[in-house]
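Scroll down for the structure; my scribbles are underneath it.
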Amino acid sequence: MTAALYRLITENPLSRSLLTPVIRAEDIVADAPDLVEGSTEAGQAIIDALAKGHSIDWTAGGNGPAARDAHGLLWLRDLRTLGSDSAAATARRLVLDWIAVGENQKRTPFLPAVIAIRLTNLLRSRSMLKSGDPEADTAYAGLVSRDIRRLRILSVLPQSPLDKLQIGLALLSVTASVGRQKELGRKGLRLALSGLKGLQHPDGGAIQPGAGYTYLLLEHLVILRTALRAGGGTIPAPLTEAIERAAGAVRTLRHPDGGLLGFSRGPALSSQRIGKLLSASRTPAQAVTLLADSGYARASAGDVMAFLSGNATTPGLPLEISADGRRLILSRPDTGLSGLQITGTSSGEVKTEDLQASISDEGHLLSARQTFGKLSQERTVFLPRKGADIRGEDRFQSSSKTSSQKVAVQFHLPSGADVVPSSDGTSFIIRPGERRPGWRFRYRGGEVMIEETIDPASGRRAPTLMLNTALQDGAGQLNWGFRRIEG
């Protein structure tokens, strides 16, 4: 369903006259809960731009993320975090501007998720937006009333799982913020739980691939629970169980430095924000070695931690490694940077099978198999119990027995790392940074080249070890290992 059709359904005279609740400014009695802080720098930039005569262009941006953020009033979070009188005055002025101009746009403002996010942000910013000025307060309450009407209508129409969760959270925010709206809260909870079924794997990870999206799912669920409590509701068991599973998945996908894996797309998140959310989740759920549904395996020994991704959106079974509490091998496919990348592969659907994590007396073993059209790859990673080294093997097989296809596995190091050949030419010495132990990289079955890429975390140049080989009679094998240099 298009935004224009949503607008037609929610803005027709019958809907306006019969379904718009009468919400007065004095009915909005509390700020809806929010666990996320905005950016004080972004808030000040908005104030400075407005002082120079530059308001937000409500007509620009089409249906992209920037337009959705603008019409969803996400910038209110930045002004609210800034917390100054000038921030509050700027917020009230921009909301009035949006009512005058933005609300008259025909597309983006009427998408279900945008309406839901806008209403939630309006209620979260109640203390800042209610000024005591009758005209401004009436305009604010009127917008809240209209968005409630829109969501009441949209809540009975077919929606995507994410839109259901967003609408449900918005309706629960109404219950937490506005008096006499208990029925809306009950409807919101039913809708949110219905949407959750299409957003979360049984292992707790988000169906949308990427550690960042699993974090966002947990964030939504915790805020949902907080809003439900603020409205006087009882927390249902399915919500508690979903939070426990999601918290366990986030902990599984977290490096020792507190950050998340970079295997696929998702927001950049600080370790402090992740830690605060896990604390707010109030669940003892711990990390596990395998998220089979989400496609991640993890092993830990000593101060070394290794992650293998078997997710279909991360071709090449990429690897991430941390040592001494910091990243040693990086991965971020959405920037062209992957812990393992196969070049010159056959086109076709990526399919992953047999992602496994096992523990023995000797150590931890991670393994998976993936196919790319005619080419298949089997990767195993072994981490001994003492964590002194990491060993790996990649086997390649083409359905064409005469194939001499070239393949390369890549290991991306962080910026600041130095890589030099050993004196005997049989290995490479890696110095990840000052005051950090070095590592020796050994290999068999191919040749190594050192190239430069961009470290997505710092934006600086960083070295990449490329282990190359060519298939012979449609088959090939690469062995490699990292061993800590003592002393």
Given side chains that start at C-beta, do those of R150 and L119 come closer than 4.5 Å, heavy atoms only? no
Distance check, rounded to the nearest 0.5 Å: L366 atom CG versus L290 atom CG? 9.0 Å
Would you say the side-chain atoms of S279 pair up with the backbone N or O of G275, donor to acceptor, closer than 3.5 Å? no
Would V407 and N468 count as a side chain to side chain contact (heavy atoms under 4.5 Å, CB included) here? Give the steps. CA-CA 6 Å; V407 294; N468 302 272; over 6 Å; no
Heavy atoms only: give me the nearest L191-G168 pair and the separation to one decimal. CD2-N, 4.1 Å
Residue pair T252 / R298, side-chain donor-acceptor N/O under 3.5 Å: no
On a heavy-atom basis, which atom in L228 and which in P236 lie closest, and how many Å separate them? CD2-CD, 3.7 Å
With the threshold set at 4.0 Å, does a side-chain nitrogen-carboxylate oxygen contact exist between R484 and D324? yes
Among N121, T120, V114, side chain to side chain contact (heavy atoms under 4.5 Å, CB included) partner for L74: N121
Quick one: pull up OG in S367 and CD in Q356 and give me the separation to the nearest 0.5 Å. 4.5 Å
Is a side-chain donor or acceptor of T81 paired with a backbone partner of T40 at a separation under 3.5 angstrom? no
Over 12 foreign heavy atoms within 6.0 Å of CD, Q472: no
Flag side-chain contact, heavy atom, 4.5 Å: Y215 against R273: yes
If every non-hydrogen atom of G295 is compared with every non-hydrogen atom of L355, which pair is closest and at what distance? C-CD2, 3.4 Å
Shortest non-hydrogen contact from L319 to A306? CD1-CB, 4.4 Å
Test side chain to side chain contact (heavy atoms under 4.5 Å, CB included), reference D394, set Q477, E378, R379, output is R379
Backbone N/O of S427 and side chain of S422: donor-acceptor pair under 3.5 Å: yes
Evaluate V448 against F441 for side chain to side chain contact (heavy atoms under 4.5 Å, CB included), listing each step before the verdict. CA-CA 10 Å; V448 171; F441 176 71; 3.9 Å; yes
With sequence neighbours left out, which residue pairs that include part of residues 107-118 fulfil the salt bridge (charged side-chain N to carboxylate O under 4.0 Å, His left out) condition? R118-D147
Between the side chain of R124 and the main-chain N/O of P33, is any donor-acceptor distance below 3.5 Å? yes
Straight-line distance of Q377 CD to Q370 CD, nearest 0.5 Å: 6.5 Å
Could you measure the distance from the CG atom of L330 to the CG atom of L413? Nearest 0.5 Å is fine. 7.5 Å
Determine whether a donor-acceptor pair (N or O, by modelled atom type, separation under 3.5 Å) exists between the side chain of D418 and the backbone of R431. no
Interatomic spacing from CG in L199 to CG in L216 - rounded to 0.5 Å: 11.5 Å
A242 backbone acceptor or donor facing Q200 side chain under 3.5 Å: yes
Parallel, tilted or perpendicular, as decided by the 30° and 60° cut-offs, for the rings of F411 and F482: perpendicular
Using modelled atom types only, decide if a donor and an acceptor are shared between the side chain of R251 and the backbone of A285 within a distance under 3.5 Å. yes
Has H364 got a side-chain atom pairing as donor or acceptor with S300's backbone, closer than 3.5 angstrom? yes
How about CG on D257, more than 12 heavy atoms from neighbouring residues, nucleotides or ligands closer than 6.0 Å, or not? yes
Determine yes or no for a side-chain-to-main-chain donor-acceptor pair under 3.5 angstrom, with D78 supplying the side chain and S39 the backbone. yes
Salt bridge (charged side-chain N to carboxylate O under 4.0 Å, His left out) contacts touching residues 187-202 (sequence neighbours left out): E183-R190
For the backbone of P384 and the side chain of E362, can you confirm whether one donor and one acceptor N or O come within less than 3.5 Å of each other? no
Separation between CG of L291 and CG of D203, rounded to the nearest 0.5 Å: 4.5 Å
Are Q105 and H71 close enough that a side-chain donor and a side-chain acceptor fall under 3.5 Å? no
Taking all heavy atoms of S155 and all of I167, pick out the closest pair and write down the distance. CB-CG2, 4.3 Å
Are any non-hydrogen side-chain atoms of L253 and F307 less than 4.5 angstrom apart? no
Search all heavy atoms of W439 against all heavy atoms of P432 and return the closest pair with its distance. CD1-CG, 4.0 Å
CZ/R444: more than 12 non-hydrogen atoms of other groups inside 6.0 Å: no
